[in-house]
Number of protein chains: 2
Amino acid sequence: MRRDVFQAIADPTRREIINLIAHRSLNLNTIADNFTVSRPAISRHIKILTECGLVTITQQGREHYCEANFKQFKEVSDWIEQYRIFWTDKLDALGKFLDEEK
Amino acid sequence: MRRDVFQAIADPTRREIINLIAHRSLNLNTIADNFTVSRPAISRHIKILTECGLVTITQQGREHYCEANFKQFKEVSDWIEQYRIFWTDKLDALGKFLDEEK
DNA sequence: CACTTGCGTAACCATTCGGTTACTTATATA
DNA sequence: TATATAAGTAACCGAATGGTTACGCAAGTG
């Protein structure tokens, strides 16, 4: 059972989960409310995300709060960005960078 | 049959194929020589890569040369990089950028 | 204590994935 | 023309994936 970040983010539902909890921790039921699939399905997606370190769970009473942990993105970013020069150019990259600085 | 870039790069063999042809086009048999799996298996991996636009094939005689097309990486990069601030900081990002400029 | 709520997990199912071998087709070459 | 080479594809197979429903259990609440 391969369990790496590349595989974890291959599923669109899991990417949406990450989008959801990027800025604030949410408990599992709240996350599941945002999807049409069942709660157990979301539970398993989150399990996969925790198994590769992308999500950390903190239990608070009977609620399990899910928090995104983006450190694991470095592996993906490193791989993708080594090819950036091939799909954009330095000036574009600089422009984008400066825009983000504003 | 979902066929998007996220799913295409989820497989480690496909990422290796991209690494192989990143700097020079290679024909299919040459690519397959670098792996232990069979040529048809590689052929199907490359088919998946072409279906999502990551690889372009140019026939030259009886050889099919595979070229990487990194434009499709933008979708992945955009998604990952929007969270960069969470796993590094602006100064790190700037440093990395300046290093690349050298 | 009885009940509700939040969540994990087991069992099951259809589909997809990644691999194989065998075969076919197209292009070059003796 | 006969043969060798490059590569796609079909048929098959076991394992993984993503979903479901049913159930169990821990933590609050009446």
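Every chain is numbered from 1 and lettered A, B, ... according to where its sequence line falls, protein lines coming before strand lines.
For the pair Arg3(B) CZ and dG18(C) C1', the interatomic distance rounds to 11 Å; values are reported in whole Å. Rounded to whole Å, the distance from CG on Leu49(A) to P on dC7(C) is 16 Å. Computed from coordinates, the Asp4(B) CG to dT16(C) C1' distance equals 14 Å when rounded to whole Å. In this structure, Leu28(A) atom CG and dC7(C) atom P are separated by 5 Å, rounded to whole Å. As a whole-Å value, the separation of Ile57(B) CD1 from dG8(D) C1' is 10 Å. Spacing between atom CD1 of Ile42(A) and atom C1' of dT21(D) amounts to 16 Å, rounded to whole angstrom units. If you measure from atom CD1 of Ile31(B) to atom P of dG8(D), you get 10 Å, rounded to the nearest angstrom. Following rounding to the nearest Å, Phe6(A) (CZ) and dT17(D) (P) show an atom-to-atom distance of 17 Å.
Within the structure, a side-chain polar atom (N or O) of Ser43(B) is placed less than 4.0 Å from OP1 or OP2 of dG8(D). At the phosphate of dC7(C), OP1 or OP2 sits under 4.0 Å from a side-chain N or O atom of Asn29(A). In this structure, Asn27(A) does not reach the dG6(C) phosphate: none of its side-chain N or O atoms is under 4.0 Å from OP1 or OP2. Between His45(B) and dG19(C) there is a side-chain polar atom (N or O) within less than 4.0 angstrom of OP1 or OP2. Residue Ser38(B) has no polar side-chain atom (N or O) positioned under 4.0 Å from OP1 or OP2 of dG19(C).
Ring pair His23(B)/Tyr83(A) is tilted by interplanar angle, where 30° to 60° counts as tilted. Under the 30°/60° scheme for interplanar angles, the aromatic rings of Trp79(B) and Phe73(A) are found to be tilted.
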Give me the distances for all protein-to-nucleotides 23-28 of chain C N/O pairs that come in under 3.5 Å?
{"residue": "dT27(C)", "atom": "O2", "partner": "Arg62(B)", "partner atom": "NH1", "Å": "3.1"}

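In the set dG19(D), dT20(C), dG18(C), the nucleotide with an atom closest to the side chain of Thr13(A) is dG19(D).
Arg44(A) contributes no side-chain N or O that forms a donor-acceptor pair with the base of dG8(C) under 3.5 Å.
Not one N or O on the side chain of Arg39(B) forms a donor-acceptor pair closer than 3.5 Å with the backbone of Ala32(B).
Asn27(A) and Thr30(A) share a donor-acceptor pair across their side chains, judged by distance under 3.5 Å alone. If you check the side chains of Ser77(A) and Glu81(B), you find a donor sitting under 3.5 Å from an acceptor. Judged by distance alone, the side chains of Asn69(B) and Trp87(A) never bring a donor and an acceptor atom under 3.5 Å apart.
Nearest heavy-atom pair, Ala68(B) versus Ala22(B), reported as atom, atom and distance to 0.1 Å: CB-CA, 4.4 Å.
Along DNA chain D, the nucleotide closest to Thr36(A) and the one closest to Lys47(B) are compared, and the more 5′ of them pairs with Lys47(B).
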